[in-house]
Amino acid sequence: MISHFTFQSLYQTEKIPGWSFSFYYERKRYTGIYHKDGSIDWTNGLPPESSRMELESRLHELMLYHVYDNQ
């Protein structure tokens, strides 16, 4: 389960897509960059291979809800 999910725009003065994010999963903090095409750059290490696809799917859902559905 993802907890303490946060995100913010990479560009504070312009409306250019791109967001930094962070969350906790299994007591470990993950951070990264979410690009407008849905690609993810993990900035503090990759999640375990066994859970990476699940986490990326949940991250896509969270970003769709918080960024794209609220415009």
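Heavy atoms only: backbone and side chains are in, while hydrogens, waters and symmetry mates are out.
Legend: residues meeting side-chain contact (heavy atoms from CB on, under 4.5 Å) with I33, ordered by chain and number and at least two apart, are L10, S20, H35, D41, T43.
Cation-pi check for K28 over Y30 is met; the charged atom lies under 6.0 angstrom from the ring centroid and within 45 degrees of its normal.
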Report task. Kindly indicate, with the supporting measurements, whether the criterion side chain to side chain contact (heavy atoms under 4.5 Å, CB included) is fulfilled by F7 and L62. Result -> CA-CA 10 Å; F7 72 97; L62 286 166; over 6 Å; no
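We find that E61 and R58 are not joined by a salt bridge, their nearest charged nitrogen and carboxylate oxygen being 4.0 Å or further apart.
If you take OG on S39 and CD on E56, they are separated by 10.0 Å, rounding to the nearest 0.5 Å. The structure places CZ of R52 at 9.5 Å from CG of L55, a figure rounded to the nearest 0.5 Å.
Taking 4.5 Å as the limit, some side-chain heavy atom of I40 sits within range of a side-chain heavy atom of H60. Annotation: side chain of Y25 is not in contact with side chain of P47 (no heavy-atom distance under 4.5 Å).
Looking at every heavy atom in both residues, G45 comes nearest to W42 through O-CB, 3.7 Å.
Using bins of under 30°, 30° to 60° and over 60° for the plane-to-plane angle, the ring pair F23/F5 lands in the tilted bin.
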